[in-house]
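Heads up: the structure comes next, in structure tokens.
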Amino acid sequence: MANESDVRYYKPKAEFSLDITDIQNFVYDMSRCIKCKGCTWVDHTYMPGAKFMTRCPSAEKYQFDSYGAYGKMRIGHAFGEGVLDWNEKALEIIYACTLCGACDVGCKRNLDLEIELSLESLRVKAVQDGVGPMPAHKKTAENIAKNHNTYAAPHDKRKDWIADVKPADKAEVLYFVGCAASYTNKEIAQSVAKIFKAANVDFMLMPDEWCCGNTVFSVGMIDEAKALAQRNVDEMRKTGAKVLVTACAEGYRMWKVDYPKLLNISTDELGFKVLHLTEYADQLIKDGALNMNKAMNTRMTYHDACSLSRLSEPWTPYEGKRQWMGCVEPRLERRRGTNGVYEPPRDILKAVPGVNYVELPRMKENAFCCGAGRGTREAFPDLATFSAEHRLEEIKHVGVETLVTACPHCKNNFAQAIKAHGDDVQVMDIAEAICASIES
Ligand code: SF4
Ligand code: SF4
């Protein structure tokens, strides 16, 4: 057993913070997991039936308790107490997880434990202990260090997506494109530019845009992630732009939540506003600056990207003391996923003429992750594919012709699964859907 100084979670008035670089901050939470599996089952009040009643891709695929959040909490607790050493299986379990946050919002219905932060902290520990991340993640990290993008593509080709609509040199709105829309999903970047033009909004780009660092952060490479966060925030501040808009859900989460987390500031202290395209375009439509008048005669649904939904609530640093019975002082404003970006994309799609919009059974904070993000597709392509195929069953269940996503990583993962199975579903990004409805 650990000695008394190691077991802060037993001591009343023990100090703790939400700093993920010290796993001891989360051992209390890990130790209090009661294995109720509220993190795996969709909330009872929304339970859409036996077929779609789970929310954890990892537990659903591997069908073994260690892969659920409850298993990872046991493993983390044992690490925190110093009674378990890393082994190949433990490492695989910690990384064979999409860090989608579904378990976190599920657990917070029950016990208010910080599960997502515990999972992030476990990965940071894996890297600190010299065993993590997985080899595929190291390759991505090398690409980012060398070419400032995740794909090993030449950095000087980053702006090659620019076509008819040219960015301004200076503007109040800065479009952060991200690696995917710059290289593999240029159609999304071009659609975003067309939306700005249709609304008569001048936009600029970062003079020298680099990767947001989502993969390095998500796999626990905290030093690399912190350096990127500082560099990108400094560069953004230098531009003088007041609003950063991005159409990538993972980039959005990095700028809005994880950069402040890494830099130990609150989201409000960034000095600029971070908006996803769906928030920005929704306001343009509601203000009458963007008119969607071309009909899209299709039955359509929307997939909530984890990083735009339950993981997108603003960040506020916290330091306090844990009292008896686990109560904390001062009061901790929990991030429970209920204030994610849920309505703007729905309002946009419902405003498109001719759209027959239907919801998926698992939606908003209960949505099932597509499986692509946070380093999953790189290291565990089978889990990423399983997750997309499982979600696709739900999409086919509601009988839609068009699936709309708001993240290039979701779009690509679903497109691969649809192609592999020859399914009759069209997948498009919400930027493309808006464009289809404003172009005459
Ligand atoms: S909901 Fe929370 S307490 Fe229950 S099993 Fe999951 S992590 Fe443990
Ligand atoms: S983050 Fe997602 S995949 Fe990982 S344990 Fe939680 S629900 Fe499962």
Side-chain angles (χ1 to χ4, degrees), residues 9 20 26-44 52-78 80 90-123 126 133-134 214 217-220 249-250 253 257-258 304-307 309-312 326 334-337 340 362 364-377 379-388 390-391 409-410 413:
Y9 52 96
I20 58 169
F26 303 100
V27 173
Y28 173 88
D29 298 73
M30 292 172 179
S31 74
R32 291 306 191 272
C33 166
I34 55 170
K35 247 189 169 190
C36 64
K37 298 195 180 177
C39 48
T40 287
W41 308 114
V42 172
D43 295 346
H44 303 148
F52 305 118
M53 63 187 176
T54 57
R55 59 167 131 210
C56 172
S58 191
E60 182 75 24
K61 172 165 170 52
Y62 299 105
Q63 295 287 310
F64 196 70
D65 273 9
S66 299
Y67 288 86
Y70 29 93
K72 291 168 179 131
M73 293 307 105
R74 288 289 185 282
I75 293 169
H77 186 198
L91 194 66
E92 183 220 309
I93 289 169
I94 297 308
Y95 282 102
C97 157
T98 64
L99 276 193
C100 67
C103 50
D104 187 74
V105 302
C107 186
K108 283 177 176 150
R109 297 284 186 285
N110 295 347
L111 298 179
D112 252 347
L113 301 179
E114 294 294 343
I115 304 301
E116 179 77 1
L117 297 176
S118 296
L119 294 173
E120 288 177 356
S121 165
L122 264 167
R123 291 184 177 194
M134 305 303 281
N214 171 52
F217 171 72
S218 297
V219 303
E250 303 225 299
R253 193 204 69 249
V257 183
D258 294 324
D304 288 283
C306 310
S307 292
S309 52
R310 55 192 166 226
L311 296 177
S312 76
R334 301 279 179 182
R335 299 166 68 249
R336 299 190 177 94
R362 288 173 293 188
K364 300 183 179 175
E365 65 264 48
N366 284 308
F368 194 88
C369 172
C370 83
R374 312 206 65 180
T376 311
R377 180 149 275 290
F380 296 93
D382 53 341
L383 173 58
T385 300
F386 170 87
S387 215
H390 181 83
R391 183 69 156 158
H409 304 286
C410 303
N413 207 31

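Note that the structure is predicted; figures quoted are calculated from it, not measured. Whatever order the structure lists them in is the order used to number ligands and atoms, beginning at 1.
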*Considering only non-hydrogen protein atoms, determine which one is nearest to atom 6 (Fe) of ligand 2 and report residue, atom name and distance to 0.1 Å.*
Cys103 SG, 2.3 Å

*Starting from atom 1 (S) of ligand 2, find the nearest protein heavy-atom neighbour and note its residue, name and distance.*
Cys100 N, 3.2 Å

*Could you tell me whether the side chain of Phe368 reaches within less than 4.5 Å of the side chain of Thr54, counting heavy atoms only?*
yes

*Taking atom OH of Tyr67 and atom NZ of Lys72, what is their separation to the nearest 0.5 Å?*
9.0 Å

*asked:* Checking a contact table here: which protein heavy atom is nearest atom 4 (Fe) of ligand 1, and how many Å away?
replied: Cys36 SG, 2.3 Å

_Identity and distance of the protein heavy atom lying nearest atom 2 (Fe) of ligand 1_ = Cys107 SG, 2.4 Å

*Of the protein's non-hydrogen atoms, which lies at the shortest distance from atom 7 (S) of ligand 1, and what is that distance?*
Ile115 CD1, 3.7 Å

*Answer with yes or no whether Ala59 contacts ligand 2, where contact means a heavy atom under 4.0 Å from a ligand atom.*
no

*Strictly by modelled atom types, are Thr40 and Tyr70 linked by a side-chain donor-acceptor pair under 3.5 Å?*
yes

_For atom 5 (S) of ligand 2, the protein heavy atom that lies nearest, with its residue and separation_ = Lys72 NZ, 3.5 Å

*Please identify which atoms of ligand 1 are closer than 4.0 Å to at least one heavy atom of Lys35.*
5 (S), 8 (Fe)

_Can you tell whether the side chains of Lys37 and Asp65 come within less than 4.0 Å, N to carboxylate O?_
yes

*Any idea which protein heavy atom is nearest atom 8 (Fe) of ligand 1, and the distance to it?*
Cys33 SG, 2.4 Å

_Distance under 4.0 Å to a non-hydrogen atom of Lys37: what atoms of ligand 1 satisfy this?_
4 (Fe), 5 (S)

*Going by the atom numbers of ligand 1, which of them fall below 4.0 Å from some non-hydrogen atom of Tyr70?*
5 (S)

*With a 4.0 Å cut-off on heavy atoms, is Gly101 touching ligand 2?*
yes

*Are Arg362 and Asp304 close enough for a salt bridge, meaning some N to O gap below 4.0 Å?*
no

*Numbered atoms and elements of ligand 1 in range of Ile34, under 4.0 angstrom, heavy atoms*: 3 (S), 8 (Fe)

*Answer yes or no as to whether an N/O/S atom of Cys56 is found below 2.8 Å from atom 8 (Fe) of ligand 2.*
yes

*Do Arg310 and Asn366 get their side chains close enough for a donor-acceptor pair, meaning under 3.5 Å?*
no

*Under 3.5 Å: donor-acceptor pair, side chain of Ser387, backbone of Ala384*: no

*If you measure from each non-hydrogen atom of Leu99 to ligand 2, which part falls under 4.0 Å: side chain, backbone, both or neither?*
backbone

_Distance-only side-chain donor-acceptor flag, Ser307 / Arg374, under 3.5 Å_ = no

*Are any of the side-chain nitrogens in Arg109 or Glu365 under 4.0 Å away from the carboxylate oxygens of its partner?*
yes

*Going by the order shown, which atoms of ligand 1 are within less than 4.0 Å of some heavy atom of Leu111?*
3 (S)

*Ser58: numbered ligand 2 atoms lying under 4.0 Å from its heavy atoms*: 3 (S)

*Would you say Cys39 has an N, O or S atom lying under 2.8 Å from atom 4 (Fe) of ligand 1?*
no

_From Met30 atom CE to Ile115 atom CD1, the distance as rounded to the nearest 0.5 Å_ = 8.0 Å

*Would you call Lys108 and Glu114 a salt bridge, taking side-chain N to carboxylate O under 4.0 Å as the test?*
yes

